[in-house]
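What follows is a single structure, written as structure tokens, with notes after it.
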2 protein chains.
Amino acid sequence: MYKIDEVAQKTKLTKRALRYYEELGLVSPSGRTEGGYRMYTDADVEQILHIIDMRDLLGASLAEIKEMVELGRLYEEQREFYNKHYKNRDLDGPELLERIEMLQKLEDTLTPQRDFLQTKIARMQELLADFDNKLERIVSKRTELTEEFKGVNNC
Amino acid sequence: MYKIDEVAQKTKLTKRALRYYEELGLVSPSGRTEGGYRMYTDADVEQILHIIDMRDLLGASLAEIKEMVELGRLYEEQREFYNKHYKNRDLDGPELLERIEMLQKLEDTLTPQRDFLQTKIARMQELLADFDNKLERIVSKRTELTEEFKGVNNC
DNA sequence: CAAAACTATTACGTTTACGTTAATGTTATC
DNA sequence: GATAACATTAACGTAAACGTAATAGTTTTG
């Protein structure tokens, strides 16, 4: 269990940002000390790092991230409930249907995100190619001029 | 030549954003009408689209984008000057050196950006793989449950 | 056990990237 | 040539994502 400053160092966020994310409902520390100090687990840190990824890689706003996080929680919750009941007896129709609809909803939410990510990657690869072309031209020009410079100065 | 509203539609920016970017020194329309209306060329539109790419793909702030744009302009400027003088006579040492240093500076600026882009792409591909895994699990589970549902309802 | 170091909450402040009027001038249209 | 329909600048407003005190309580350390 880590307290806030350690987590701030691990995640490269500020303590303020951590409290802010908690205020928005993105991540809460798994515990508190008697005196009220936030205590984070490794899993908490993992989730924070995941949030940072979504922010930096998907370019999602904190509000959008919150939606995703909440959907994930809803899913986990339902799955726990499902697993608990599935062990002992068969589900009846309505319960099965509810679970199927949940999975469908998750799928419908994740698929466009996946596609968005994919096209973004493709465009970034194009941009990378542009960078590489430009850099290649610059480097070859620079070596060319360096040679010329040596010629002028009789090296 | 397009006026602002047409450019706004082409670039999916608002007119306000276009004026704001101009105010920051990111892009200026190539011309104005007698009465002061902004007139953009195709090249202007291209540059705006490029700016949007840097914003969305690199996640750069407008201030950072401004720096890149300015460096690019400085480079173009020097290259024009260079080409004009290179045509007629040989450059002497100092001029060559200045040009070489400019190319070096460009290279030093672009290389970390390229690397940043590359590692970002790699991490996004990991994230994409995660998405795909998750989706695959969800879909297979959903079809499994759908079959089960059919069984319960004797279809 | 007292000082030093850390943390909590509250609340106001700041920066970025525009949105939104308002007042006025310009082009296009009928 | 009037009147929409669009444009300009100027200025104030705003949402997101924190920063920065201020005040007060908590842990740690010598």
Side-chain angles (χ1 to χ4, degrees), chain A residues 1-42 44-45 47-70 113 116, chain B residues 1-42 44-45 47-70 113 116:
Chain A
M1 302 279 266
Y2 317 106
K3 39 186 174 172
I4 198 166
D5 196 54
E6 213 168 342
V7 176
Q9 287 176 34
K10 281 177 192 288
T11 61
K12 291 285 189 174
L13 290 179
T14 64
K15 293 187 278 186
R16 176 64 171 104
L18 284 169
R19 296 197 190 98
Y20 180 59
Y21 287 9
E22 183 181 347
E23 189 184 329
L24 293 186
L26 294 184
V27 268
S28 298
S30 291
R32 294 264 185 156
T33 68
E34 186 67 21
Y37 280 25
R38 274 163 253 257
M39 298 302 287
Y40 297 84
T41 65
D42 280 309
D44 293 337
V45 174
Q47 204 191 340
I48 293 167
L49 291 174
H50 187 221
I51 286 173
I52 295 173
D53 273 350
M54 292 165 99
R55 194 192 60 181
D56 293 348
L57 301 181
L58 289 181
S61 70
L62 298 184
E64 289 166 336
I65 292 174
K66 187 187 176 183
E67 283 185 42
M68 304 187 212
V69 167
E70 276 175 351
Q113 284 175 26
F116 174 73
Chain B
M1 303 279 267
Y2 317 106
K3 39 187 173 172
I4 197 166
D5 196 55
E6 213 168 344
V7 176
Q9 288 177 33
K10 281 177 193 287
T11 61
K12 291 283 189 176
L13 291 179
T14 64
K15 294 188 277 184
R16 176 65 171 103
L18 285 169
R19 295 197 191 100
Y20 180 60
Y21 287 9
E22 183 180 347
E23 188 184 328
L24 293 186
L26 293 183
V27 269
S28 297
S30 292
R32 294 264 183 155
T33 67
E34 186 67 20
Y37 280 27
R38 273 163 256 256
M39 296 304 286
Y40 298 84
T41 66
D42 280 309
D44 293 336
V45 174
Q47 204 190 341
I48 293 168
L49 292 174
H50 187 221
I51 286 173
I52 294 172
D53 275 349
M54 292 165 100
R55 192 192 61 181
D56 293 347
L57 301 180
L58 289 179
S61 69
L62 298 185
E64 289 166 335
I65 292 174
K66 187 188 176 181
E67 282 185 42
M68 304 187 213
V69 168
E70 277 175 349
Q113 284 177 24
F116 174 72

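Chain A is the first sequence line, chain B the second, and so forth, proteins listed ahead of strands; every chain is numbered from 1. Below, all heavy atoms of this structure are taken into account, side chains as well, without hydrogens, waters or symmetry copies.
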Tabulate below the donor-acceptor pairs under 3.5 Å that side-chain atoms of residues 2-9 of chain A make, not counting sequence neighbours, or state none.
residue, atom, partner, partner atom, Å
A/Tyr2, OH, A/Asp42, OD1, 2.5
A/Tyr2, OH, A/Asp42, OD2, 3.3
A/Asp5, OD2, A/Gln9, NE2, 3.2

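- Near DNA chain D, meaning a heavy atom under 4.0 Å from it, residues 9-23 of chain B has B/Lys15, B/Arg16, B/Arg19 in order of number.
- The shortest distance between side-chain heavy atoms of B/Gln47 and B/Val69 falls below 4.5 Å.
- Here C/dT16 presents its C1' atom at 14 Å from NZ of B/Lys66, a figure rounded to the nearest Å.
- Checked against salt bridge (Lys or Arg N to Asp or Glu O under 4.0 Å), A/Asp44 has no partners two or more places apart in sequence or in another chain.
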Between N or O atoms, less than 3.5 Å apart, protein on one side and nucleotides 27-30 of chain C on the other: list the pairs.
residue, atom, partner, partner atom, Å
C/dT27, OP1, B/Thr33, OG1, 3.0
C/dT27, OP1, B/Gly35, N, 2.7

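- Within residues 49-61 of chain B, no residue has any heavy atom closer than 4.0 Å to DNA chain D.
- Atom NE2 in A/His50 sits 15.0 Å away from atom OG1 in A/Thr11 (nearest 0.5 Å).
- Rounded to the nearest 0.5 angstrom, A/Ser61 OG and A/Met54 CE are separated by 10.5 Å.
- The salt bridge (Lys or Arg N to Asp or Glu O under 4.0 Å) pairs that include a residue from residues 60-69 of chain A are A/Lys66-A/Glu70, where partners are two or more places apart or lie in different chains.
- At a threshold of 4.0 angstrom between heavy atoms, the contacts of A/Leu24 with the nucleic acid are absent.
- Straight-line distance from the CD atom of A/Glu64 to the C1' atom of D/dA16: 12 Å, rounded to whole Å.
- Legend: salt bridge (Lys or Arg N to Asp or Glu O under 4.0 Å) pairs involving residues 32-41 of chain A, not counting sequence neighbours, sorted by first then second residue: A/Glu22-A/Arg32, A/Glu22-A/Arg38.
- Here B/Tyr20 pairs with B/Arg16, B/Glu23, B/Leu24, B/Leu62 under the side-chain contact (heavy atoms from CB on, under 4.5 Å) rule; sequence neighbours left out.
- Distance CE (A/Met1) to P (D/dT27): 13 Å, rounded to an integer number of Å.
- Looking at every heavy atom in both residues, A/Leu18 comes nearest to A/Tyr40 through CB-OH, 4.1 Å.
- Comparing D/dA17, C/dT7, C/dA8 against the side chain of A/Asp5 picks out C/dT7 as the nearest.
- Residues that satisfy the side-chain contact (heavy atoms from CB on, under 4.5 Å) test with A/Gln113, not counting sequence neighbours, are A/Met68, A/Thr109, A/Leu110, B/Phe131.
- B/Arg55 is linked by a side-chain contact (heavy atoms from CB on, under 4.5 Å) to B/Leu13, B/Tyr21, B/Ile52, B/Ile65, counting only residues two or more places apart in sequence or in another chain.
- A/Arg38 places its CZ atom 14 Å from the P atom of D/dT27, with the value rounded to the nearest Å.
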